[in-house]
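The chains referred to below are lettered A, B, ... by the order of the sequence lines, with proteins before strands, and numbering in each begins at 1.
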Number of protein chains: 2
Amino acid sequence: MKIQVGIVDDQSQNLFSFSERLNYSKDIIVTLTAHSGIEFLDQMKKLSFRNYPSIVLMDIGMAGMDGIETVRNAKLLYPEVHFLMLTVFDDDDKIFEAIKAGADGYLLKNEKISLIIDCIIQLSEMGSAPMSPRIARKTLDLLIRATLPDSGNASGGNPFYTLTARETEILKLTVDGYEYKTIAEKLFLSSHTVRKHIANIYNKLHVSSKAQAIKIATKNRLI
Amino acid sequence: MKIQVGIVDDQSQNLFSFSERLNYSKDIIVTLTAHSGIEFLDQMKKLSFRNYPSIVLMDIGMAGMDGIETVRNAKLLYPEVHFLMLTVFDDDDKIFEAIKAGADGYLLKNEKISLIIDCIIQLSEMGSAPMSPRIARKTLDLLIRATLPDSGNASGGNPFYTLTARETEILKLTVDGYEYKTIAEKLFLSSHTVRKHIANIYNKLHVSSKAQAIKIATKNRLI
DNA sequence: AAAAAAATACTGCATTTGTGTTATTGCCCA
DNA sequence: TGGGCAATAACACAAATGCAGTATTTTTTT
């Protein structure tokens, strides 16, 4: 059974060229093409469930409703459809918005067609998100920036939960599912010490089991 | 001029196999291997600037100082060296930390060697960040979660985690910190039954302890 | 310098948990 | 109507965990 693919791009030339080149692959059949987000949504509405494309290549930089807006709308109606965003160098900084809109992958338009095909197959089979390396880099940068500016958790908070650095470290490993012996090895400690730390942590958190501690720790972002 | 590559892995077998297979490539020469983070830093200290590897493949899950810690330390001393993290399924959720520690890319260990070679070359030539698709997907998820702390539910769901209603119920109580005996009482079951359910849940989630199960359950919002 | 806090290490004991294995019952579905 | 699955239940053993102590060494604070 071939993978049903849709393509949305406001330039007929692209639509054509992608369509043709993708159909070369024995695993893929292009069943839907649209020149705009509106047209895409329109066509989807007319399809029965079993004829939905499982993957849609979506151009980002379209006039009118752009690719991101289209995905945002489409994901609400067709959450099971995967969207692969296509972008040119110029607007690859839209990744972020696209991801939030529900895009599943992110490729540069001028990527080799064989790679795009690989990505489609992979996304279809495994639900994995393909990304061009340049895009991956950007994503990493974004991720760092999105999460670094926290830092501001001074003593204003809970007087109870003032774990020491060592305790936090050990709690973290505990939450990660390691057992005492392993934690001890990782930190070059005796397992006795780890158990003592754990006991102290339990006291501070007013709990008496690993599971409870994990609950508190994750809920209060102690780790 | 070949790309000088280092490899750090605490399993000699991996060290050997990677080393050999990478040296096949005409563009790559492995100039440094180490069995631990300590050994790696040690060897680096002895090298002159021009003999630094330009790319280091770093195993994440090493005993003692793990790959992430090693990168954190190494990046301070050798910021111009690129680090490609290698991970197995088990610990691919460490991406985030690795990125913050300064890793430049993230690959699954069992990726085809040709892909790893491609990544090395790409990273060397363009400074782009290579990522295995599975990893890329995780990164996207992280990025989303980092920025939309509430977030709905990804209905694209995992077919892997198909717990039954009863199993979910029991997992939930487990996550809430109840022990088996208590859960049994709450649900009017024998504690044997609860334990059997737990065992089944562990199998489905591919884990082997309460802590790990809790982690998976909360991360994937199974509960 | 003295006091307080944190990190380290150990012992022994009771309880909980993880694992392997087996078995019965009811239910759905092909 | 037989096969598969979910839910229930039980047994036994090994391993990990929780609890209650005590004690030494660093580090930090006052």
Please determine, for the side chain of A:Lys181, which listed nucleotide (C:dT17, D:dA16, D:dA9) has the closest atom? D:dA16

Starting at CD1 of A:Ile214 and ending at P of C:dT17, how long is that distance when rounded to a whole Å? 12 Å

Under 3.5 Å donor-acceptor, B:Asp176 side chain and B:Tyr178 backbone: no

Which part of the nucleic acid, if any, lies within reach of B:Thr193 when heavy atoms closer than 4.0 Å are counted: base, sugar-phosphate only, or nothing? base

Under a 4.0 Å heavy-atom cut-off, which of residues 194-203 of chain A touch DNA chain D? A:Arg195, A:Lys196, A:Tyr202

If only atom types and distance count, is the side chain of A:Asp104 paired as donor or acceptor with the main-chain N or O of A:Leu84 below 3.5 Å? no

Under-4.0 Å side-chain N/O to phosphate OP1/OP2 contact, B:Ser209 with D:dA16: no

Will you find, in the side chains of B:Ser12 and B:His35, an N or O donor that is under 3.5 Å from an N or O acceptor? yes

Are the side chain of A:Ser124 and the backbone of A:Ile120 linked by a donor-acceptor contact shorter than 3.5 Å? no

Hey, are B:Lys172 and B:Glu169 close enough for a salt bridge, meaning a charged N less than 4.0 Å from a carboxylate O? no

Report which part of the nucleic acid A:Ser208 touches: base, sugar-phosphate, or nothing (heavy-atom distance under 4.0 Å, all strands). sugar-phosphate

Closest to side chain of B:Leu189, choosing from C:dA7, D:dA9, C:dT17: D:dA9

Taking the minimum atom-to-atom distance to the side chain of A:Lys210, which one of D:dA6, D:dT17, C:dA7 wins? D:dT17

A correct dot-bracket answer for DNA chain D, with pairs being Watson-Crick or G-U at under 3.5 Å, [ ] for crossing pairs and | for inter-strand pairs, is ||||||||||||||||||||||||||||||

So, OP1 or OP2 of D:dA7: does either fall under 4.0 Å of a side-chain N or O from B:Thr164? yes

Do B:Leu187 and B:Val194 have side chains that approach each other closer than 4.5 Å (heavy atoms only, starting at C-beta)? no

For B:Glu185, give me all partners under side chain to side chain contact (heavy atoms under 4.5 Å, CB included), at least two apart in sequence or on another chain. B:Lys181

